Amino acid sequence: MLDRDLIRKQTDLVRKGILRKGIDAAIVDAFLSADAEWRKTVLELEAKQAAANQISKSIGQLMAQGKKDEAEIAKAETKELKEAIAQLEAEARKAEEQLRAIELDMPNLPHDSVPDGANETENVTRRTWGDIPTFTFAPKPHWELAENLGIVDFPRGAKISGSGFPVYVGLGARLQRALISFLINFQTENNGYQEIYPPYLVNRASLIGTGQLPKFEEDLYKSTDDLYLIPTAEVPITNLYRDEILDVKELPINLAGYSACFRREAGAAGKDTRGLQRLHQFDKIEMVKFTTPETSYQELENMTQNAEDVLKALGLPYRVIEICTGDIGPKGSKQYDLETWSPVMEKWLEVSSCSNFEAYQSRRANIRYRPEPGAKPEFVHILNGSALGMPRVYATILESYQQEDGSVRVPEVLIPYMGTELISKTQDPS
RNA sequence: GGAGAGGUCGCAUAGUGGUCUAGUGCGCCGCACUCGAAAUGCGGUGUGGGGCAACUCACCGAGGGUUCGAAUCCCUCCCUCUCCGCCA
């Protein structure tokens, strides 16, 4: 959501930003006309309300003075006003709903520093780290390794739930748990994040707050109780402070949480879905920052670095991609993606996405801070990033650390969590 | 799930149909006193919207309703607490 005043007064700037994202700027004109209509109606309505309030007040005074007859005359006067108010109220509500719908549909503007581009082919690689692994034998894809080792069961997952719901077994399950523990511990112990373990079902208001609704309803699993399964921990963690005014002394607030994530992936079927690449349920560690506007871009760099740190610790080569205006999506102002290399599929896999939303989410979720005691509340800037999305990290670990006999070495930092240096069939303790 | 009690301006409380333009205390801000601080005194202090402005509208958990007029009465829902039931 954008500042209404900004759209009214700096219309060209807004239009230009939306066009940079490759989105039709006609929505700006739709906003302006809906906004004008709404304001016109409100003005009329409030004039009538003021008049009615005036009369009601005088009735109270007349009654107190015992002038019953005059009070009755005044009562009659309000009849017409009341009808007009009722009608204007209905009009105002309708106008407001229309305005609100447009407003919620409007994209965020890209930051000036974001490279222009039409789509993902014009994203810019900012840096790369690590050496791409080489093999003296023919390496296997992660789904073959996992199947041979008996650590991920795709067919039985499909039987009990459907495709995209793998079952992790034995050391495979432990590896998943090890990754979760390692990743969340790393961020809380080294990078100053407070750990959050959030609810997995959230209400509609929360999803509107972070921007999944109303536009992307078809991406979500909905329960029978008007609650939705979270597509990311971003939703519950960001909404922790919905409708609150934060103390500036607490900022920046850095939170990180593990959750399972649930996505219908409607329309994504068949695209890069082999193995663990795209699932309906997966695990992720999410970082969320609440900052002042002055520091949010520095914090985006910090957060991206925090995600890079764990890839380094896991010994996985990666690259940092700056997303161009055409690929950034509606919510973000600026975004970096982190990708690790799959040495078998020979392609980069996105394992993290770090974004600054500026005040786009805080306006929707009404999350503010007071710059100083007694000052007017301002919207915070909100950032989030993954550290990391588990399944693709899991896949690249299997592929990168595989050995000729089909076993997989455990990355050093995970050994304490795994209790073993090697994943092989004979090693399974179960 | 059942019964009962509650949800009021950052916090705590008062307020059961018309000076409620929501009172009071704490907190916070400003001023005075002070070498400085504490204490004390005085003043100020909710949020959002519309309007160039004067000003005005809305908000007492949410949404409806009754009324000229609702924090206050009625209905529905949400949440919290106590007890009971069920349960990992």
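Below, read A as the first sequence line, B as the second, and so on, with proteins coming before strands; counting in each chain starts at 1. Source: prediction; values computed, not measured.
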* Using only side-chain N and O atoms of Arg368(A), determine if any of them is under 4.0 Å from OP1 or OP2 of rG48(B). => yes
* Does Glu46(A) get its side chain close enough to the base of rG51(B), under 3.5 Å, for a donor-acceptor pair? -> no
* Which part of the nucleic acid does Ala50(A) contact within heavy-atom distance under 4.0 Å: base, sugar-phosphate only, or nothing? -> sugar-phosphate
* Euclidean distance for P, rC83(B) against rU47(B) (whole angstrom) -> 39 Å
* Taking atom C1' of rG49(B) as reference, at what distance in whole Å does atom CD of Glu96(A) sit? -> 9 Å
* Asked: For Ser333(A) and Asn356(A), does a side-chain donor sit closer than 3.5 Å to a side-chain acceptor?
  -> no
* Using atom C1' of each nucleotide, how far apart are rC20(B) and rG69(B) to the nearest Å? -> 13 Å
* To do: For rC11(B) and rC60(B), measure between their P atoms and round to the nearest Å.
  => 16 Å
* rU45(B) versus rC77(B) - spacing of their C1' atoms, nearest Å -> 35 Å
* Asked: Should Asn53(A) be listed as having a side-chain N or O under 4.0 Å from OP1 or OP2 of rG69(B)?
  -> no
* To do: State the pairing partner of rU72(B); accept Watson-Crick or G-U wobble contacts with both distances under 3.5 Å, and report none otherwise.
  => none
* State which residues pass side-chain hydrogen bond (donor to acceptor under 3.5 Å, both in side chains) with Tyr168(A); sequence neighbours excluded, sorted by chain then number. => none
* Structure fact -> Any strand, both distances under 3.5 Å, Watson-Crick or G-U wobble: rC11(B) pairs with rG25(B)
* In whole Å, what is the span from the CG atom of Asp243(A) to the P atom of rG46(B)? -> 19 Å
* Asked: Are Arg39(A) and rG49(B) close enough that a side-chain N or O sits under 4.0 Å from OP1 or OP2?
  -> no
* Starting at the 5' end of RNA chain B, which residue's closest nucleotide do you reach first, Pro377(A) or Thr78(A)? -> Pro377(A)
* Using heavy atoms to find the nearest nucleotide of RNA chain B for Gln54(A) and Asp5(A) separately, return the residue whose nucleotide is more 5′. => Asp5(A)
* Calculate the interatomic distance between Arg242(A) atom CZ and rA62(B) atom P; express it in whole Å. => 14 Å
* Asked: Does Arg204(A) have a side-chain nitrogen or oxygen under 4.0 Å from the phosphate oxygens OP1 or OP2 of rA62(B)?
  -> no
* Side-chain H-bond candidate by donor/acceptor type, Tyr228(A) with Arg204(A), under 3.5 Å -> yes
* Phosphate OP1/OP2 of rG49(B): any Arg8(A) side-chain N/O under 4.0 Å -> no
* Criterion side-chain hydrogen bond (donor to acceptor under 3.5 Å, both in side chains) against Asn254(A), the qualifying member of Lys289(A), Gln187(A), Gln194(A) -> Lys289(A)
* Interatomic distance at C1', rG7(B) relative to rG63(B), whole Å -> 16 Å
* Structure fact -> Under a 3.5 Å limit on both distances, the Watson-Crick or wobble mate of rC60(B) is none
* To do: Examine the side chains of Gln176(A) and Tyr394(A) and answer whether a donor and an acceptor come within less than 3.5 Å of each other.
  => no
* Rounded distance in Å between the P positions of rU72(B) and rC9(B) -> 15 Å
* Asked: Between atom NZ in Lys9(A) and atom C1' in rC52(B), what is the gap in whole Å?
  -> 10 Å
* Please give the nucleotide sitting opposite rC52(B) as a Watson-Crick or G-U wobble pair, both distances under 3.5 Å, or none. => none
* To do: Could you check which of rA58(B), rC68(B), rG49(B) has an atom nearest any side-chain atom of Gln49(A)?
  => rA58(B)
* **Separation between the P atoms of rA70(B) and rA62(B), rounded to whole Å** => 16 Å
* **Separation of atom CG in Asp226(A) from atom P in rG63(B), rounded to whole Å** => 17 Å
* To do: Please check if atom CZ in Arg8(A) has more than 12 non-hydrogen atoms from other residues, nucleotides or ligands closer than 6.0 Å.
  => yes
* Tell me what Lys82(A) touches on the nucleic acid: a base, only sugar-phosphate, or nothing, going by heavy atoms under 4.0 Å. => sugar-phosphate
* To do: Could you check which nucleotide pairs with rA32(B) in any of the strands shown, counting Watson-Crick or G-U wobble with both distances under 3.5 Å?
  => rU40(B)
* Asked: Any chance the side chains of Asn108(A) and Glu358(A) put a donor and an acceptor closer than 3.5 Å?
  -> no
* Which of the following nucleotides, rG49(B), rC68(B), rU47(B), is nearest to the side chain of Ile59(A)? -> rC68(B)
* Structure fact -> Rounded to whole Å, CD of Glu44(A) lies from C1' of rC57(B) at a distance of 14 Å
* Asked: Starting at CD1 of Ile73(A) and ending at P of rC68(B), how long is that distance when rounded to a whole Å?
  -> 16 Å
* To do: Please report, rounded to the nearest Å, how far the P atom of rU67(B) is from the CD atom of Glu72(A).
  => 14 Å
* Considering only the P atoms, how many Å lie between rU76(B) and rC68(B), rounded to the nearest integer? -> 24 Å
* **Lys222(A) vs Arg264(A), side chain to side chain contact (heavy atoms under 4.5 Å, CB included): CA-CA, chis, key distance, verdict** => CA-CA 10 Å; Lys222(A) 188 178 183 183; Arg264(A) 293 186 63 219; over 6 Å; no
* Asked: What is the nucleic acid contact for Arg93(A), judged by heavy atoms within less than 4.0 Å: base, sugar-phosphate only, or nothing?
  -> sugar-phosphate
* Who pairs with rA3(B) - Watson-Crick or G-U, where each distance is under 3.5 Å -> rU82(B)
